[in-house]
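First the structure, in the form of structure tokens, and then the observations on it.
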There are 2 protein chains.
Amino acid sequence: MASDHTRTAILAAAERLYADRGFGDVTLRDIVAEANVNLAAVNYHFGSKDELIAELFVTRSIATNRERLRELKAAEEQGGGRAPIELILHALVGPTLRGCLGPENQRSAAARFMIRASIESVPPIRRIKNREIDHLRKFAGAMRRALPDRSDVDIYWGLNFALAMAHHTIRESERLIKLSEGKCDLDDVEDVIARVVSVATMALTAGKVETKARALARDAR
Amino acid sequence: MASDHTRTAILAAAERLYADRGFGDVTLRDIVAEANVNLAAVNYHFGSKDELIAELFVTRSIATNRERLRELKAAEEQGGGRAPIELILHALVGPTLRGCLGPENQRSAAARFMIRASIESVPPIRRIKNREIDHLRKFAGAMRRALPDRSDVDIYWGLNFALAMAHHTIRESERLIKLSEGKCDLDDVEDVIARVVSVATMALTAGKVETKARALARDAR
DNA sequence: GATAGTTTCATACAACTGTTTGAATTGCAA
DNA sequence: TTGCAATTCAAACAGTTGTATGAAACTATC
């Protein structure tokens with residue numbers, strides 16, 4: 001196993017560079033220069049460029065998922081096996097938002113890397129994301145227990161919308177700030193989380209308001 | 001100007017190939033082969049590969065934006081300058097969702113191309129997206145008129161969440177179908193639109209429920 | 001039907017990519 | 001110290017990419 005120094009240096013350099021400049025224009029040669037190691041070291045230690053990216057992403061994903069499940073478990077135990085829907089949603093979107101938003105100067109390379117991964121979506125990462133379904137199922141289960149009289153379809157839509165708001169806000173944070181001329185404060189992460197959770201909760205608990213929107217749309221035609 | 005035949009063939013071929021296989025692994029050589037034209041034709045007619053992609057995206061974007069504004073204008077005129085918020089949101093997310101969802105076999109190459117553009121986010125497209133802010137401002141204005149007692153911040157967040165739900169549903173449609181085991185029917189586009197509009201409307205009109213979610217989160221800590 | 005301008009074509013170019021190779025070096029165990 | 005495996009290194013490889021070139025083929029105008 002030896003000192004592992006080279007491996008670690010490559011991982012750190014790659015994370016930093018990808019975070020700063022995106023996957024598109026960072027080459028292996030950039031990475032090894034930043035890490036002060038030889039070009040061949042990447043293939044020696046990781047097998048290929050894609051496996052390097054995958055390892056970076058998996059490491060961070062596992063950390064996020066663990067954090068999510070920790071929050072979920074705590075909430076369910078506190079409620080005797082049934083957590084309030086707000087806390088479930090909080091566990092779902094909180095860790096990601098907390099990791100990716102917040103004051104720029106205190107955003108870690110890891111966080112910035114995950115933002116990039118969310119924006120650019122390169123093949124090795126997409127392959128991993130597809131395996132995330134099992135993880136989401138655990139949340140769907142908890143939500144079903146919290147809202148036993150909602151249909152599965154509504155549960156899944158609520159889950160989808162919660163993730164939508166969280167991820168889109170991260171992806172398009174720059175645009176939202178520009179559009180709102182700074183009025184939307186994305187540095188206040190807990191406020192952002194509260195907004196997402198609040199809206200998702202309404203989506204999951206409100207009556208069938210859709211019909212009204214639908215009727216209006218029909219009238220307009 | 002002449003017959004324009006080559007130009008058109010390239011555009012059509014590029015759109016089809018990008019739609020099917022993504023920007024990542026479609027080369028100029030693939031495109032010219034599909035279009036049955038010479039390799040140099042792309043640079044002759046478009047200047048560069050990026051300009052070709054940009055032209056494709058701009059064309060489709062303009063069409064979508066025109067459709068959006070048409071719906072918005074109709075709604076505002078019908079309401080004497082102030083449209084109900086549901087119709088504004090419907091005008092905002094309807095055209096995109098209608099263009100990108102629906103039964104797969106009747107999804108046009110144009111629609112599939114826009115889905116790709118939304119998923120992969122390649123540099124020339126990102127540059128154009130950044131110029132979309134002015135367009136969104138028009139919707140923010142209409143929303144402000146519809147909900148005069150909401151703060152600007154709430155308006156922008158509502159706008160952000162509406163777009164979030166629409167775009168994320170398109171981007172991750174495959175995953176949502178898998179996760180829900182087909183229970184979420186993305187072919188019923190009008191139902192999807194109604195759901196998005198409904199939730200966004202709640203987000204924009206409901207009282208400050210956030211405080212409850214926030215308190216719960218605080219308690220859990 | 002000659003001319004000028006546009007469009008097509010085959011081909012070459014130049015640069016960059018991730019990966020491989022095989023020798024040199026290092027570190028550790030016997 | 002010797003021997004052996006793990007690691008590092010410079011160099012080259014093989015493939016692909018978008019773009020440029022200059023001659024050839026058109027097309028329309030007079």
Side-chain angles (χ1 to χ4, degrees), chain A residues 1-58 113 116-117 120-128, chain B residues 1-58 113 116-117 120-128:
Chain A
M1 179 132 316
S3 82
D4 243 8
H5 171 271
T6 306
R7 250 188 84 93
T8 318
I10 292 174
L11 284 171
E15 184 167 66
R16 214 171 327 136
L17 287 179
Y18 284 142
D20 286 341
R21 293 162 34 195
F23 297 99
D25 49 46
V26 171
T27 71
L28 284 190
R29 282 168 177 82
D30 295 331
I31 294 172
V32 300
E34 176 87 359
N36 277 311
V37 301
N38 187 270
L39 175 59
V42 173
N43 289 277
Y44 178 77
H45 285 281
F46 298 91
S48 71
K49 183 198 184 188
D50 279 10
E51 290 175 82
L52 165 62
I53 295 179
E55 176 159 336
L56 273 171
F57 185 72
V58 165
F113 171 83
R116 280 287 177 192
E120 287 192 31
S121 160
V122 68
I125 290 183
R126 237 170 304 154
R127 277 192 289 272
I128 296 167
Chain B
M1 178 134 318
S3 81
D4 245 9
H5 170 271
T6 305
R7 249 190 85 92
T8 318
I10 292 174
L11 283 171
E15 184 165 67
R16 215 172 325 136
L17 287 179
Y18 284 141
D20 286 342
R21 292 163 32 196
F23 297 100
D25 49 46
V26 171
T27 71
L28 284 189
R29 283 167 176 82
D30 294 331
I31 294 173
V32 299
E34 176 87 359
N36 276 312
V37 302
N38 188 272
L39 174 59
V42 172
N43 287 279
Y44 178 78
H45 285 281
F46 297 91
S48 70
K49 183 199 183 188
D50 279 10
E51 290 175 84
L52 165 61
I53 295 179
E55 176 158 337
L56 273 171
F57 186 72
V58 165
F113 171 83
R116 281 287 178 191
E120 286 192 32
S121 157
V122 68
I125 290 183
R126 238 172 303 157
R127 276 193 288 272
I128 297 166

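Order of the sequence lines fixes the chain letters, A, B, ..., with proteins taken first and strands second; residue numbering starts at 1 for each chain. Basis for what follows: all heavy atoms, side chains included, without hydrogens, waters or symmetry-related copies. This structure is a prediction, so every number in the text was calculated from the model and none was measured.
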### Task
Rounded to the nearest 0.5 Å, what's the gap from CD1 on A:Ile53 to CD on A:Glu15? Could you check?
12.0 Å
### Task
Carefully, step by step, assess B:Asp30 and B:Arg21 under the rule side-chain contact (heavy atoms from CB on, under 4.5 Å).
CA-CA 11 Å; B:Asp30 294 331; B:Arg21 292 163 32 196; 3.0 Å; yes
### Length of the OH-P vector between B:Tyr44 and D:dA23, whole Å
17 Å
### Task
Mind calculating the distance between CG (A:Asn36) and C1' (D:dC9) to the nearest angstrom?
14 Å
### Message
Just to verify, what does B:Glu51 make a side chain to side chain contact (heavy atoms under 4.5 Å, CB included) with, not counting sequence neighbours?
### Response
B:Ser48
### Message
Taking 4.0 Å as the cut-off, does a side-chain nitrogen or oxygen of A:Thr6 come that near to OP1 or OP2 on D:dT8?
### Response
yes
#### Entry: Evaluation steps, side-chain contact (heavy atoms from CB on, under 4.5 Å), between A:Asn38 and A:Thr6
CA-CA 9 Å; A:Asn38 187 270; A:Thr6 306; over 6 Å; no
### Query
Roughly, in whole Å, what's the span from NE2 in B:His45 to C1' in C:dT7?
6 Å
### Pairwise ring pair (Phe, Tyr, Trp, His ring centres under 6.0 Å) hits with a residue in residues 11-48 of chain B, at least two apart
B:Tyr18-B:Phe23, B:Phe23-B:Phe113
### Task
Indicate for each nucleotide in nucleotides 16-22 of chain C, in 5' to 3' sequence, whether protein heavy atoms under 4.0 Å reach the base (B), only the sugar-phosphate (S), or nothing (-).
-BBBBB-
### Message
Contact between B:Asp50 and B:Arg127 at the side-chain level, heavy atoms closer than 4.5 Å - yes or no?
### Response
yes
### Query
Rounded to the Å, how far apart are A:Asp4 CG and D:dT7 P?
9 Å
